[in-house]
Amino acid sequence: MDFLDQLNDTQREAVMNTEGPSLIVAGAGSGKTRVLTYRIAYLLQQGVPAGNILALTFTNKAAREMKERIGQFTMHNSQFTMDAAAYRYLWMGTFHSICARLLRRDADKLGFTRDFTIYDTTDSKSLLKAICKERGVDEKVYKPAVVLGRISMAKNNLITPAQYGMNRELLQADREARMYELAAVYEIYQSRLRAANAMDFDDLLLNMLKLIDEHPDVREQLQTMFRYVLVDEYQDTNYVQYCLVSRLAEPQQNICVVGDDAQSIYSFRGADIRNILNFRQQYPNAKLFKLERNYRSTRNIVNAANSLIHKNTHQIEKTIFSEKEEGDLLHLNAYMDDRAEAEGVASAIVQFTMHNSQFTMHNAQYTMDDIAILYRTNAQSRAFEGELRKRNIPYRIYGGTSFYQRKEIKDALGYFRLAVNPRDNEALLRIVGFPGRGIGDTTMRKVATTAIENHLPYLEVMRVPEETGLEVSAATAKRLRGFAGLMGQLQQLSEETDAYTFAEQTLRVTGVQTALALDTTAEGIDRAQNVQELLNAIREFVAQRAEEGIDYTPITDFLSEVSLQTDQDENLADTTERVTLMTVHAAKGLEFPVVFIGGMEENLFPSQFCVKPGEIEEERRLLYVAITRAKERCYLSYARQRFRNGQMAFNSPSRFLKDIDRQFLEIGGRESRESREPRMPREPRISSISSISSISSISSVPVSGATSEIASSVWKAGDRVSHRVFGEGTVIRVYRDEVTENDKIEIQFDRQGTKTLLLTHARLERG
């Protein structure tokens with residue numbers, strides 16, 4: 001059987017049209033990764049050498065899965081007459097990993113050595129913090145994450161430190177943010193990186209582009225080598241990535257980009273949706289393929305998502321459809337506050353995972369792994385976490401502290417980094433005090449000052465303290481020379497042994513393993529086990545490379561692999577069954593049978609910081625991504641009031657709720673057709689989408705002609721009451737809202753005016 005028979009007609013057409021530019025618009029759940037994988041396999045089947053194919057992704061996980069799938073094709077399919085192992089020579093990986101590989105070959109052309117260090121976000125923040133401290137600026141204003149973000153955005157737009165200092169618009173924005181020294185900080189940051197023989201993530205792309213533009217021989221070599229260029233998630237590319245892809249594909253224009261403009265949600269990282277929207281203007285002869293069949297979700301989920309995203313103006317027209325069962329409608333639930341919202345969601349999770357066939361779908365019980373809670377901001381997780389813990393529901397925070405960001409792991413990697421790159425000052429500062437060797441902060445401040453004055457790496461000052469004029473005692477100078485001598489020995493070791501042998505001996509001779517073994521606390525044992533797991537990872541890395549025919553794997557290769565880990569490459573080792581909590585941004589590319597989307601409120605989703613039309617459209621795309629993560633069931637909820645920034649905020653329902661066609665949305669827990677699920681909590685209940693606009697706060701006005709007085713109530717007109725937020729007031733009336741079926745109380749507060757509260761949640765006391 002032809003391996004292409006597994007594709008539908010549109011997918012097959014997109015796979016087989018390999019010559020010239022192609023734009024594959026792949027809707028949510030439409031088999032985007034499958035098409036990209038099969039297209040690469042098809043090129044190999046047609047005789048294109050693996051080394052002539054460049055496939056760029058946004059996660060190592062995506063690249064790894066595609067490569068494994070292609071390997072299965074070539075090794076187990078008689079249609080492939082090539083060497084079964086030839087697929088290993090594919091140039092496939094993230095933009096950053098591919099650029100790092102290419103830069104190591106020609107780093108000397110840019111003034112770096114081949115062993116340059118790649119600074120991850122933690123390293124960059126640490127360096128920026130030190131620079132800001134030297135400049136004497138306000139740490140509360142110049143927060144490392146904020147400074148790094150602004151510098152990153154400049155780099156993504158090809159703005160150098162010199163250009164930054166002359167850009168009036170950027171300087172004005174800095175003044176408004178009271179960051180008057182940012183241009184100087186940016187310039188010092190870049191000079192320190194170069195002095196340390198280091199590049200941050202953005203530099204990998206910038207320097208690759210610089211190498212191509214300034215060295216025609218390199219550009220011609222790469223263009224000849226990469227006859228076919230394929231890009232996954234093209235809607236997420238920034239300007240630098242756009243330039244790189246355009247340069248590499250220039251001669252043959254055999255460029256294929258795959259993506260979905262409806263899922264462009266990373267503008268805060270520099271992603272530019274215009275790259276995919278304008279692709280056919282850049283390449284007028286480009287073929288367009290639309291993958292519109294969703295294989296993931298039920299028809300109601302797909303149709304609801306369509307009705308939402310069609311409200312956007314700037315998009316490539318397409319209509320996603322599903323041939324799966326109709327399924328349940330989306331559910332919308334309103335709650336008094338964020339605590340009640342968390343209680344409602346947790347209660348539903350308990351019912352979904354009960355061992356009771358009444359709550360199963362297709363006779364399959366939901367597990368904790370089947371369920372995800374999505375939210376717009378990380379702060380929203382607090383209420384959900386508290387309620388899940390209360391009910392002993394296991395959960396994981398997706399995107400939490402990864403294995404390679406743990407202190408003991410960063411310490412071990414620091415030794416490896418400094419050994420191969422003696423100019424890596426950040427690595428030195430991290431490890432010089434662990435294990436303790438009598439070199440304190442005061443001494444290192446002197447070392448840093450002397451190094452900067454003499455334009456030397458810190459380690460060189462420590463190697464020859466007297467010659468550089470370092471003012472320390474003889475005993476301290478001896479300790480400094482001893483440490484520098486040790487690192488010199490490790491540098492030689494790194495050049496003579498493979499990654500595992502080097503790592504194992506380094507951790508032993510530096511005393512790291514001994515120091516960890518001496519800590520017999522539970523935390524200490526855990527740290528020691530983590531370092532052992534690091535050695536296991538290095539051993540496996542070397543073994544894997546050996547299987548690929550690579551006889552010698554230096555530690556620099558492993559360090560590159562680790563430093564380029566992406567968000568979706570984390571949490572893979574945790575196989576315990578748990579409910580998943582994450583921001584919507586982190587959820588892209590994932591799917592779950594059951595999805596809860598909390599916080600559907602104005603100024604939260606959409607964010608209060610999004611006011612321009614383009615920003616609102618991206619927020620709408622973000623909700624589209626959230627809804628399309630669901631395979632079978634999707635619950636939306638909002639809270640009337642929520643603690644934000646230390647105070648209670650009163651919220652209106654999100655404007656996006658009215659964008660979802662009412663026929664695909666169930667309000668307040670009414671049973672949908674053929675629904676067999678547990679009824680969600682019903683307080684308060686909303687009768688229709690049209691009523692959402694009127695329920696703009698906790699003080700909504702009851703529908704005229706649809707109420708009845710409640711005779712049996714602990715409260716009556718004229719009673720004095722006290723409310724924890726609104727203060728004291730007088731009851732006007734207590735009534736039943738016949739439309740929403742909720743009991744309400746109307747109160748004239750002394751200072752806050754008239755408010756209508758849900759009686760069951762009012763929490764009133766006698767005034």
*Asks:* Within a strict 4.5 Å, meaning less than it, do heavy atoms of the Q241 and L56 side chains meet?
*Replies:* no

*Asks:* Heavy atoms, side chains only, cut-off 4.5 Å: are L222 and W91 in contact?
*Replies:* no

*Asks:* Just grab all the ring pair (Phe, Tyr, Trp, His ring centres under 6.0 Å) pairs involving residues 511-563, residues at least two apart or on different chains.
*Replies:* F541-F558

*Asks:* M208 versus L211: any side-chain heavy-atom pair under 4.5 Å?
*Replies:* yes

*Asks:* How far does CD1 of I525 sit from CZ of R527, to the nearest 0.5 angstrom?
*Replies:* 10.5 Å

*Asks:* Quick check: does any side chain N or O of R114 sit under 3.5 Å from a backbone N or O of A107, one acting as donor and the other as acceptor?
*Replies:* no

*Asks:* Keeping N52 on the side-chain end and F226 on the backbone end, is there a donor-acceptor pair under 3.5 Å?
*Replies:* no

*Asks:* One pair to check against side-chain contact (heavy atoms from CB on, under 4.5 Å): I151 and K155. What are the steps and the verdict?
*Replies:* CA-CA 6 Å; I151 291 175; K155 290 183 178 183; 3.9 Å; yes

*Asks:* To check you understand the geometry: which heavy-atom pair defines the closest contact between M462 and I439, and what is its length?
*Replies:* CE-CD1, 4.3 Å

*Asks:* Can you tell me if D441 has over 12 outside heavy atoms packed within less than 6.0 Å of its CG?
*Replies:* no

*Asks:* Hey, is the main chain of T94 close enough, under 3.5 Å, to the side chain of S97 for a donor-acceptor pair?
*Replies:* yes

*Asks:* Quick check for you: to the nearest 0.5 Å, what is the distance between E504 atom CD and I538 atom CD1?
*Replies:* 10.5 Å

*Asks:* With a 4.0 Å cut-off on N to O distance, would you call D120 and K410 a salt bridge?
*Replies:* yes

*Asks:* Verify the neighbour count for atom CD of E467: are there more than 12 heavy atoms of other residues, nucleotides or ligands below 6.0 Å?
*Replies:* no

*Asks:* Could you check E385 against R389 for salt bridge (charged side-chain N to carboxylate O under 4.0 Å, His left out), going step by step and ending with a plain yes or no?
*Replies:* CA-CA 6 Å; E385 288 187 72; R389 284 196 299 268; 3.8 Å; yes

*Asks:* Should the pair K407-D411 be classified as a salt bridge under the 4.0 Å nitrogen-to-oxygen rule?
*Replies:* yes

*Asks:* Would you indicate whether the side-chain heavy atoms of L128 and K125 approach each other to under 4.5 Å?
*Replies:* no

*Asks:* Taking S560's backbone N and O only, do any of them form a donor-acceptor pair with S563's side chain (distance below 3.5 Å, no angle check)?
*Replies:* yes

*Asks:* Should L209 and L158 be marked as a side-chain contact (heavy atoms from CB on, under 4.5 Å) after you check the CA-CA gap, both sets of side-chain angles, and the distance that decides it?
*Replies:* CA-CA 10 Å; L209 185 61; L158 299 180; 3.7 Å; yes

*Asks:* I'd like to check V512 versus P435 (side-chain heavy atoms, cut-off strictly below 4.5 Å). Are they in contact?
*Replies:* yes

*Asks:* With R192, which residues qualify under side chain to side chain donor-acceptor pair (under 3.5 Å), at least two apart?
*Replies:* E134

*Asks:* Any heavy-atom pair between the side chains of K588 and M582 that's under 4.5 Å?
*Replies:* no

*Asks:* For the residue pair F268 and H585, does the interplanar ring angle fall in the parallel (under 30°), tilted (30 to 60°) or perpendicular (over 60°) class?
*Replies:* perpendicular

*Asks:* Counting distance only, does the side-chain N/O of R219 pair as donor-acceptor with the main-chain N or O of H215 below 3.5 Å?
*Replies:* no

*Asks:* How close do I212 and L248 get, heavy atom to heavy atom, and via which atoms?
*Replies:* CD1-CD2, 3.9 Å

*Asks:* Which pairs count as ring pair (Phe, Tyr, Trp, His ring centres under 6.0 Å) when at least one residue sits in residues 422-452, sequence neighbours excluded?
*Replies:* none

*Asks:* Kindly say whether K446 contributes a backbone atom to a donor-acceptor pair with the side chain of T450 at under 3.5 angstrom?
*Replies:* yes

*Asks:* Under the 3.5 angstrom rule, does the side chain of S126 hit a backbone N or O of D123 as a donor-acceptor pair?
*Replies:* no

*Asks:* Considering non-hydrogen atoms only, spot the tightest contact between S124 and Y189 and give its length.
*Replies:* OG-OH, 2.9 Å

*Asks:* Where do R423 and T113 land on the side-chain contact (heavy atoms from CB on, under 4.5 Å) test, with the steps shown first?
*Replies:* CA-CA 11 Å; R423 291 156 59 183; T113 73; 4.3 Å; yes

*Asks:* Identify the heavy atoms of R629 and Q263 that sit nearest to each other, and give their distance.
*Replies:* NH2-OE1, 3.2 Å

*Asks:* Is the F95-F58 ring centre distance short of 6.0 angstrom?
*Replies:* yes

*Asks:* Using a cut-off of 6.0 Å, state whether more than 12 heavy atoms not belonging to K67 lie near its atom NZ.
*Replies:* yes

*Asks:* Are L103 and L110 side-chain neighbours, meaning at least one heavy-atom pair lies under 4.5 Å?
*Replies:* yes

*Asks:* Is the shortest side-chain heavy-atom distance between M199 and I118 below 4.5 Å?
*Replies:* no

*Asks:* Just to verify, what does A475 make a side chain to side chain contact (heavy atoms under 4.5 Å, CB included) with, not counting sequence neighbours?
*Replies:* S473, R479

*Asks:* Considering only distance and modelled atom types, tabulate donor-acceptor pairs under 3.5 Å from the side chains of residues 480-490, sequence neighbours left out.
*Replies:*
from	atom 1	to	atom 2	distance (Å)
R481	NH1	E466	OE1	3.4
R481	NH1	E466	OE2	2.6

*Asks:* Out of curiosity, L516 CG to L507 CG, how far, rounded to the nearest 0.5 Å?
*Replies:* 8.5 Å

*Asks:* For the CD1 atom of I265 and the CG atom of D236, what is their distance to the nearest 0.5 Å?
*Replies:* 7.0 Å

*Asks:* For D424 and T117: C-alpha separation, side-chain torsions, deciding distance, then whether side-chain hydrogen bond (donor to acceptor under 3.5 Å, both in side chains) applies.
*Replies:* CA-CA 7 Å; D424 189 345; T117 296; 3.1 Å; yes

*Asks:* Just checking E533: does its CD atom have more than 12 heavy atoms from other residues, nucleotides or ligands closer to it than 6.0 angstrom?
*Replies:* yes

*Asks:* Test your reading of the model: is there a side-chain donor-acceptor pair from E577 to the backbone of M368, 3.5 Å cut-off?
*Replies:* yes

*Asks:* Ignoring hydrogens, what is the shortest heavy-atom contact between S152 and D202? Give both atom names and the distance.
*Replies:* OG-OD2, 2.7 Å

*Asks:* Take I188 and V185 through the test side-chain contact (heavy atoms from CB on, under 4.5 Å) and record every step on the way to the result.
*Replies:* CA-CA 5 Å; I188 297 170; V185 170; 5.9 Å; no

*Asks:* May I ask you to check whether over 12 heavy atoms, not counting those of Y242, lie within 6.0 Å of atom OH?
*Replies:* no

*Asks:* Identify the heavy atoms of R105 and R101 that sit nearest to each other, and give their distance.
*Replies:* CG-O, 3.6 Å

*Asks:* Can you tell me how the ring of F116 sits relative to the ring of F112, calling it parallel under 30°, perpendicular over 60° and tilted otherwise?
*Replies:* perpendicular

*Asks:* For the residue pair Y266 / N238, report whether a side-chain donor-acceptor contact shorter than 3.5 Å exists.
*Replies:* no

*Asks:* So, the side chain of E233 versus the backbone of T57: is there a donor-acceptor pair under 3.5 Å, distance only?
*Replies:* no

*Asks:* Checking E65 against R69 for the salt bridge (charged side-chain N to carboxylate O under 4.0 Å, His left out) test, could you report, in this order, the C-alpha distance in whole Å, the side-chain angles of both residues, the deciding distance, and whether it holds?
*Replies:* CA-CA 6 Å; E65 290 176 350; R69 182 65 173 142; over 6 Å; no

*Asks:* Do side-chain atoms of N421 reach the backbone of A196 as a donor and acceptor pair under 3.5 angstrom?
*Replies:* yes

*Asks:* Is there a donor in the side chain of R104 and an acceptor in the side chain of T556, or the other way round, less than 3.5 Å apart?
*Replies:* no

*Asks:* Which residues satisfy the ring pair (Phe, Tyr, Trp, His ring centres under 6.0 Å) test with Y458, sequence neighbours excluded?
*Replies:* none

*Asks:* Exactly one of L374, L581, T580, T583 should register a side chain to side chain contact (heavy atoms under 4.5 Å, CB included) with Y398. Which one does?
*Replies:* T580

*Asks:* Are more than 12 heavy atoms, taken from residues, nucleotides or ligands other than K109, located less than 6.0 Å from that residue's NZ atom?
*Replies:* yes

